[in-house]
Amino acid sequence: MSAPHDARPISIIGAGLAGTLLATLLAQRGWRVEVFERRGDPRRHGYAGGRSINLALAERGLHALRQAGADPGVMRQAVMMRGRMVHPLVGAPELQRYGRDDSEVIWSISRAELNIVLIEAAEAAGAVLHFDRRLESVDFDARTMRVCGDGYDQTRPFHTLVGADGAGSALRTQMSRHGDLGERIEWLDHGYKELEIPPGQGGGFRIEANALHIWPRGHYMCIALPNDERTFTVTLFMPHAGAHPSFETVRDGAAARSLFEQQFADAVPLIPMLEQDYDRNPVGTLGTLYLDRWHLDSRAVLLGDAAHAMVPFHGQGMNCAFEDCVALADHLQSAPDIASAYAAFAAQRMPDAAAIQHMALENYLEMRDRVDNHDYRLQRALELQLQERHPGRFIPHYTMVSFMRIPYSLALSRSEIQRAILVRATAGLDRLDQVDLAAVDADVLARLPPLADTP
Ligand SMILES: Cc1cc2nc3c(=O)[nH]c(=O)nc-3n(C[C@H](O)[C@H](O)[C@H](O)COP(=O)(O)OP(=O)(O)OC[C@H]3O[C@@H](n4cnc5c(N)ncnc54)[C@H](O)[C@@H]3O)c2cc1C
């Protein structure tokens, strides 16, 4: 399919996750879309993504994929994750469900496969993708951009630019040279390293497939997400420096083996290449990117990680980026002009991006330190009970973020009230039957309006 000659032109920088989904949505709505991607075409050269081999897809992202008609291709390769399989230091692993049943689950998907499905969807919708084409610089006054790569170096005119070029966005750098975007990056003092659990002898998964495995250990943790080829990608998160263990004290594969033998003993037989993986794979950095402005009148706008990169602990960076794509496509469709569409998009999405950035940081503490604590389990049990007692009013935090599409900012404000209720109701108690339910019910009714009535 190709766009009509009089279609409105738009140039997207980055054919990663957000760039390709946005290209699909806009091409389907009749825009003339061109996409410039600095890497080679992954269908020809293999995927050179370089980080987080798999990702958790939740309702927000899935809904956006449905809008583009790309969900069947993605879901064919997805592995269901019903909950967290928590591996304590001592004792057997235990599944903590994310939702009430299998209608409330998240999905593990391969970044490479997802990207390829979306590249094909964008092309099928009529977008033109240019690989090995890196945005180098932009002259916003002349409305031209310099694009380079693989022996190519050209200055090309553009009508309007969308930056879907990730956390290190070149378009953002160019925009901030033109005018201050109020950029601030807060680096996390923890990093990550990826390892692999291969398939078992018979070719199947070595541990429970339908779960996100967590080994919480206080100031550090391991997680493992299943892949459809029966492997798991294990990610070790710990501080870059400081007290043992940190990436400073666990310098090589041999030191990693000794850490795993002491702290993640049940994972050791699952990772036969532990030393090699540890020595070969880089330590990834994590941070949160804050901007005061996402757009430059009608000339450029940022979305996804380019606008609001976040730490990965809520598994929402891509989901949020996909929601951005739907929101931007809708504003471009309904606003009288591009500048108003960009302004309306930023006004709508900035508070929500800030909310999920905050919740993602908070969730690191929950995952690495709280999921196997007694007080956390008691609060979680009460949370599920209150969900039954007050449907539509008390909705667990994880449910609001992962299984619903209410604005992240609303999920955050309601979660904060709910957490205060849970903490107060369970303080000093050992068991659920000791909770004063009449007092908690009164608290819920007084402080939480039904969700449908919330503005
Ligand atoms: C360890 C880790 C785990 C994660 N887990 C999850 C998860 O479970 N769930 C979830 O929802 N999110 C997760 N995320 C977040 C998710 O990866 C990002 O939010 C998502 O990739 C953002 O998509 P994007 O399209 O904005 O950026 P990207 O996916 O980074 O794509 C940017 C694209 O732009 C291209 N590009 C860059 N510079 C240029 C240039 N100058 N010119 C042209 N092209 C350029 C890049 O090559 C790339 O293809 C995780 C992140 C990390 C680091």
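In listed order, ligands and their atoms are each counted from 1.
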### Message
Tell me if the aromatic rings of His314 and His358 count as close, with their centers under 6.0 Å from one another.
### Response
no

### Message
Would Arg184 pass as a cation-pi partner of Tyr290, given that its NZ or CZ must be under 6.0 Å from the six-membered ring centre and within 45 degrees of the axis?
### Response
yes

### Summary
In terms of its nearest heavy atom to atom 19 (O) of ligand 1, the top option of Leu225, Ile119, Asp305, Leu303 is Asp305

### Query
Should you measure from each heavy atom of Ile13, which atoms of ligand 1 turn up under 4.0 Å away?
42 (N), 43 (C)

### Message
Can you tell me if Gly284 contacts ligand 1 (heavy atom of the residue under 4.0 Å from the ligand)?
### Response
no

### Query
Is the count of non-hydrogen atoms from other residues, nucleotides or ligands lying under 6.0 Å from Arg251 atom CZ greater than 12?
no

### Option with minimal heavy-atom separation from atom 40 (C) of ligand 1, where the choices are Thr20, Leu21, Leu135
Leu135

#### Entry: Cation over ring face, Arg84 and Tyr98, 6.0 Å, 45°
no

### Query
What atoms of ligand 1 come closer than 4.0 angstrom to any heavy atom of Gly317?
10 (C), 11 (O), 12 (N), 15 (C), 19 (O)

### Phe394 and Gln418, any side-chain heavy atoms less than 4.5 Å apart
yes

### Message
Is there a side-chain contact between Leu62 and Met75 in this structure, where contact means two heavy atoms from C-beta onward sitting under 4.5 Å apart?
### Response
yes

### Query
Would one find an N or O of Pro312, backbone or side chain, under 3.5 Å from an N or O of ligand 1?
no

### Query
When only distance counts, is Glu194 in polar contact with ligand 1, meaning an N/O pair under 3.5 Å?
no

### Task
For Gly304, counting its heavy atoms only, list the atoms of ligand 1 lying under 4.0 Å from any of them.
26 (O)

### Summary
With sequence neighbours left out, the residues meeting ring pair (Phe, Tyr, Trp, His ring centres under 6.0 Å) with His190 are Tyr364

### Task
Heavy-atom contacts with Ala170 under 4.0 Å: which atoms of ligand 1 show up? List them by number with element.
41 (N)

### Query
Do any nitrogen or oxygen atoms of Arg134 lie less than 3.5 angstrom from nitrogen or oxygen atoms of ligand 1?
no

### Message
If we set the cut-off at 4.0 Å for heavy atoms, which region of Met310 has an atom near ligand 1: side chain, backbone, both, or neither?
### Response
neither

#### Entry: Tyr398 six-ring face occupied by Arg97 cation (under 6.0 Å, within 45°)
no

### Task
Check if Arg133 has a non-hydrogen atom at a distance under 4.0 Å from any atom of ligand 1.
yes

### Query
Below 4.5 Å, heavy atoms only, C-beta onward: do Met145 and Leu135 meet side chain to side chain?
yes

### Message
So, regarding Ala56 and ligand 1 (criterion: nitrogen or oxygen to nitrogen or oxygen, under 3.5 Å), is there a contact or not?
### Response
yes

### Message
Is the contact between Phe36 and ligand 1 made by the side chain, the backbone, both, or neither, using heavy atoms and a 4.0 Å cut-off?
### Response
backbone

### Summary
At under 4.0 Å between heavy atoms, what of Ala164 touches ligand 1? The answer is backbone

### Electrostatic pair Arg156:Glu34 at N-O distance under 4.0 angstrom
yes

### Query
Hey, which atoms in ligand 1 end up nearer than 4.0 Å to a heavy atom of Gly16?
31 (O), 33 (C), 49 (O)

### Message
Would you say Gln357 and Tyr408 are linked by a side-chain donor-acceptor pair, where the criterion is simply a distance under 3.5 Å?
### Response
no

### Message
Using a plain distance cutoff, I'd like to know if Asn54 has any nitrogen or oxygen under 3.5 Å from a nitrogen or oxygen of ligand 1.
### Response
no

### Query
Would Arg111 count as a contact of ligand 1 if the rule is a heavy atom under 4.0 Å away?
yes

